[in-house]
Every structure is written in C-alpha cells, then in structure tokens.
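Since the model is a prediction, treat every value here as computed from it, not as a measurement. Just follow the structure's listing: the first ligand is 1, and inside any ligand the first atom is 1.
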Amino acid sequence: MKLLIFLALFGLTTAAVFQHQLIKVESRKSRMKKEGTWEEYKKARKFLNGGHFFKTFSQEMNDYGDMEYLANVTVGTPPQSFLVVLDTGSSDFWIPDSSCSDSSNCASVCSHAWICSALCAASCCGGNSTVFEDDQKCLGKRMFNSANSSTYVANGATWGIQYGTGSCSGFRGEDTVRLGDVGADQLVVPKSAVGQATELAALFANFPLDGILGLAFPSIDNEKADPILFTAFKQGLLDKPIFTVYLQERGHEQNVPGGVITYGGLDTEHCSPDVDYVNLTSASWYEFKMDEFSMGTATSSDGWQVISDTGTTMIIAPSEIYAQMAQAAGVKDDGTIDCNASFDDLKLTINGKEYTVPAKQLILHEDNDECAFAIGGEDFPPNAPTWILGDPFIRSYCNIYGFNDQNIGFAKVIA
Ligand SMILES: *[C@@H]1O[C@H](CO)[C@@H](O)[C@H](O)[C@H]1NC(C)=O
Ligand SMILES: *[C@@H]1O[C@H](CO)[C@@H](O)[C@H](O)[C@H]1NC(C)=O
Ligand SMILES: *[C@@H]1O[C@H](CO)[C@@H](O)[C@H](O)[C@H]1NC(C)=O
Ligand SMILES: *[C@@H]1O[C@H](CO)[C@@H](O)[C@H](O)[C@H]1NC(C)=O
Ligand SMILES: *[C@@H]1O[C@H](CO)[C@@H](O)[C@H](O)[C@H]1NC(C)=O
C-alpha cells in the first residue's frame with residue numbers, strides 16, 4: 001500500500017516538472033567583432049532604430065542579435081525542430097513558416113548600401129534580388145510546414161511584431177509544442193498559439209536563431225494570446241505555475257551546454273532552496289522595484305522599476321548610472337575593458353536584500369584578448385522600466401518566475 005502511494009506520488013511529481021537544456025552559442029557581437037564588422041552593424045542598427053541601439057520599450061526591447069543562450073523546441077506531429085531564444089522579455093512564440101516567400105526586410109534596405117551590408121547577406125546587398133530570394137528565403141532559417149503536422153489547427157488570424165529595425169509578420173495557428181530535448185521527458189503542450197512568420201526583420205539575418213519563445217505575460221503578447229506556459233498550466237501539465245532559470249558561465253566556449261530551465265518547479269540541482277520572492281509591480285514583463293545599487297564609489301538609492309530578462313546579454317542601466325559604473329570599472333573610451341580588470345562587485349538591493357553580481361560576471365570575453373563591459377547605458381521612455389537585469393544577473397542568481405502569483409524569486413547558484 002505504502003509502495004503504491006509512493007509510486008503514485010513519485011509519478012505525479014516527476015511528470016509535472018520538466019527540464020530544458022540551454023545551449024550557449026557565440027553571440028553575433030562576438031563573431032562580428034572578430035570579423036571586424038561590428039562597428040558598421042551597430043551604426044546600422046542605431047540608424048534604423050531612431051538612434052537607439054536597444055529597442056525602446058514600446059514593444060519588445062531585446063537586442064536579439066546578441067543572444068548567447070538558445071534551446072531546441074519542436075512544433076507539430078511528427079515534431080519539427082527549431083532553435084529559439086527562451087525569452088522572459090517578451091510573450092509571443094513565433095517561428096518561420098514554410099509559406100515564407102519573402103526575402104525578409106533585407107529587401108527594403110538593399111538600396112542603402114552600407115546599412116544592407118552591415119545587416120544582411122552579401123547576396124542581397126549586391127542588388128541581385130534573384131540570388132537573394134533563392135538563397136535567403138526566410139533568411140535561410142528552418143521553416144514550419146503545417147501541412148505535415150496532424151495536430152495543426154489553422155485559425156485565420158494575422159500575426160505580427162514590430163521590432164526596432166523592422167517587423168516580423170505572418171499568421172497565427174495552433175499546434176503541439178514540445179519543450180525539452182528529444183528523448184528526454186518533454187513538456188508537451190497541445191493547442192499552443194504559434195506565430196507563423198512569412199516575413200522576417202533583417203535583424204534576424206546572419207544568426208543561427210529560428211524564432212523566439214516568449215515567457216512573459218499575455219498583456220504584452222501582440223494578440224494577447226496565452227504564452228505557452230500559461231496554456232500548459234491551464235491544461236494541468238505543470239506541478240506549480242513557476243519556472244526556474246539557471247544560466248551557466250561558460251567564458252568564450254561555444255556550442256556547449258549553458259544552463260537549464262525547469263518548468264513547473266524549482267531547480268534543486270543548481271539552485272539553493274532558499275528563495276527570496278518579491279511581488280511584481282507589473283505583470284507584463286517580469287517587472288519589480290530595485291531600491292539601491294553600488295559598485296565601489298558609484299552608488300545610488302533612487303529606486304527604479306527593473307525587469308529580469310533572459311533575452312538580454314547585458315545589464316542595461318540609465319546612461320548616467322552607466323557612466324559612473326564604467327568609470328568605477330575602468331572601462332576604456334572604446335567601450336572595451338581589460339580581460340583581467342579588477343573592480344568592485346555590483347551590488348543590487350531588492351526588497352531589503354542585497355544581491356551581488358561578481359565583477360567577473362561583468363567582463364564578457366569576446367575574444368581571447370578582447371573583453372567588453374557587460375553593462376550598457378540606455379534611457380528608456382517615461383513610465384518604462386529603467387534597468388534590464390539580463391544574463392550577468394541571472395548567472396549570479398537563479399531566477400524563479402512566478403507567472404500565476406505574479407512574483408519573482410532569487411536563489412543562490414549552488415553548482
Ligand atoms: C543574378 O544572379 C542570377 C543567378 O546567378 C544570374 O543569372 C543573373 O544574371 C544575375 N543578375 C545580375 C543583374 O547580376
Ligand atoms: C512535408 O511536406 C513537404 C511538402 O508539403 C513534403 O515535400 C515533405 O516530404 C514533407 N515531409 C514529411 C516528413 O512528411
Ligand atoms: C539541438 O538540436 C540539434 C539538431 O537540430 C542537435 O544536434 C543538438 O544536439 C540539440 N541540442 C540539445 C541540447 O538538445
Ligand atoms: C505579495 O502579493 C501577495 C498576493 O499576491 C500578498 O499576499 C503579499 O502580501 C504581497 N507581499 C508584499 C510584500 O507586498
Ligand atoms: C592583464 O592582461 C594584459 C593583457 O591583456 C597583460 O598585459 C597584463 O600584464 C595583465 N595584468 C595582470 C595584472 O595580470
């Protein structure tokens with residue numbers, strides 16, 4: 001009897017907590033720096049984005065070209081695979097669709113030679129659109145063929161997202177989405193909303209990412225559809241309405257395991273069970289109040305609205321605060337920093353607790369002998385959050401995202 005109960009309980013809990021391996025890839029920034037194309041790219045992005053490198057907060061604000069942590073997901077039955085960002089900074093899930101005939105918004109910048117060469121494939125920028133369209137249908141990404149999926153349901157709605165440098169658009173469908181590795185215990189979510197892009201923004205060119213899987217709230221989904229984890233929870237597939245993100249530090253290693261997302265529970269293998277929760281101030285992004293920061297002599301207790309965002313590779317602060325921190329850390333005029341620079345750790349106070357982001361988390365190894373400061377400065381519009389706590393913060397503390405209770409928790413990394 002006891003054994004039966006044990007088995008039943010065991011079966012229940014393991015069936016409802018799922019782990020998803022992340023893959024660390026080389027960021028586009030790091031690759032372009034090596035190729036010597038980064039400065040041009042940055043200029044082109046800023047130009048197209050009205051003077052901002054990062055997206056303003058009107059929609060998503062991620063700099064998707066610079067992602068380092070990706071994951072495999074599948075859509076449909078039998079499963080078709082895609083490499084996506086699991087992004088707490090947005091809510092839509094989209095992948096390229098096989099009906100994509102468009103050669104992307106690159107076509108629209110072909111005539112601006114320098115912008116085109118910074119963003120798009122060489123074949124586009126030569127002005128030979130024939131070659132471009134053949135080679136670069138949907139930017140050469142993997143595409144979803146709904147005709148091959150027995151579980152696909154069309155719904156006729158259009159779909160689109162405006163990014164800073166262009167838009168992605170297409171239509172909306174529903175299908176079974178599997179999160180987790182093939183062969184492992186996957187979270188299988190029938191009837192998930194899927195954005196099927198037939199046109200992609202140029203910023204997605206030249207990067208091995210097929211699409212984006214948003215993990216934030218329905219209020220910032222472009223069609224207000226349920227993001228996949230909400231659908232999963234409503235279907236009773238998850239033990240608890242939370243997911244835990246553990247990001248692993250891998251220096252400049254590429255294409256290696258880069259951490260784990262645990263759906264439906266805590267990650268007891270990599271994260272301390274002592275979790276400090278704070279209520280969200282807005283359930284759109286994972287937005288909350290931060291009271292203080294310090295980095296050596298750079299310090300302020302003005303208080304800010306901030307977000308936790310797996311989809312941003314840096315910590316973004318208001319430009320005035322960035323300038324203080326850059327000075328405290330000894331960042332050079334060209335934005336680089338000595339790879340072995342030593343400066344004070346970044347300390348953040350949230351809900352009365354102090355969190356430390358070690359200085360070594362703030363030095364990004366882009367090359368063997370060139371490093372970048374992992375903090376950036378950007379001023380977002382009034383009423384928008386003012387800081388983005390991206391990957392360096394999440395590598396320092398496991399983040400536990402409570403999408404039903406609308407809170408977020410932080411726990412020490414133990415592995
Ligand atoms: C474009 O490329 C195609 C295929 O290689 C070639 O046949 C055509 O002549 C090219 N057109 C121009 C204007 O270069
Ligand atoms: C998927 O569909 C395409 C065209 O509709 C077909 O050529 C292809 O063989 C199909 N693949 C599978 C695995 O069924
Ligand atoms: C992701 O999928 C690719 C094949 O598309 C496979 O080679 C790779 O091992 C997968 N990675 C993980 C972590 O599952
Ligand atoms: C957080 O929100 C919950 C309800 O969602 C409430 O019970 C709790 O008191 C709040 N905590 C704080 C510190 O405001
Ligand atoms: C730091 O690295 C530079 C090269 O990047 C080297 O010249 C210098 O000696 C190093 N300093 C220390 C203290 O290791």
Q: Report the residues that fulfil salt bridge (Lys or Arg N to Asp or Glu O under 4.0 Å) with Lys353, sequence neighbours left out, ordered by chain and then residue number.
A: Asp276

Q: How about Tyr152 and Gln196: does a side-chain donor come under 3.5 Å of a side-chain acceptor?
A: yes

Q: Charged N to carboxylate O below 4.0 Å: is that the case for Asp345 and Lys360?
A: no

Q: Who's the nearest protein heavy-atom neighbour of atom 5 (O) of ligand 4, and how far?
A: Asp405 O, 4.4 Å

Q: Which residue supplies the protein heavy atom nearest to atom 8 (C) of ligand 4, what is that atom called, and how far is it?
A: Asn279 ND2, 3.8 Å

Q: Under 4.0 Å and counting heavy atoms only, is there anything from the protein next to atom 10 (C) of ligand 4?
A: yes

Q: What are the two closest non-hydrogen atoms of Val306 and Leu389, and how far apart are they?
A: CG2-CD1, 4.1 Å

